[in-house]
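Read through the structure below, which is laid out as structure tokens, and then see the notes.
What you are looking at is a predicted structure, and each value in this text was computed from that prediction instead of being measured. Start at 1 with the first residue, then count along the sequence.
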Amino acid sequence: MGINLTMVAEAVDKDRADDKFFQHPPGITAEVNDQSDEMAKTMASQAIAMLKDPDHIKKEGMMPMMGVPGEDGQMSPEEREEMLQRMEQMLKGRRGKGGQ
């Protein structure tokens, strides 16, 4: 799309993070969502893999499909439909809990 983004870390603080950064805002209660957790884990794994192999972005693009089976990175139409249905179900569940 003609966009280049470069980020450079200027410093790394290895000290322990203050507990205040892990507190929920008043009135907010955390709820476990296994599907969201699984999706976040997949995205994190893919991000780490791309950082380990910077040329991957040049070969495959920036947005890999999540949870793609197989080594070639391609989903069958059935797998794609199943993934879309799972995502739709997840979004429907969120709508009832304050989601849009």
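- Across all non-hydrogen atoms, the minimal contact from Asp18 to Lys20 is OD1-N, 2.9 Å.
- Between atom CG of residue Asp34 and atom CD of residue Glu38 there is a gap of 8.0 Å, rounded to the nearest 0.5 Å.
- Contact check for Asn33 versus Glu31: no side-chain heavy atoms found under the 4.5 Å cut-off.
- If you check the side chains of Gln89 and Gln85, you find no donor sitting under 3.5 Å from an acceptor.
- Residue Arg86 forms a side-chain contact (heavy atoms from CB on, under 4.5 Å) with just one option from Glu82, Met83, Glu88, and that option is Glu82.
- The minimum heavy-atom distance linking His24 with Ile28 is given by the pair CB-O, 3.7 Å.
- Interatomic distance, CG of Asp37 versus OG1 of Thr42, reported as 10.5 Å (0.5 Å rounding).
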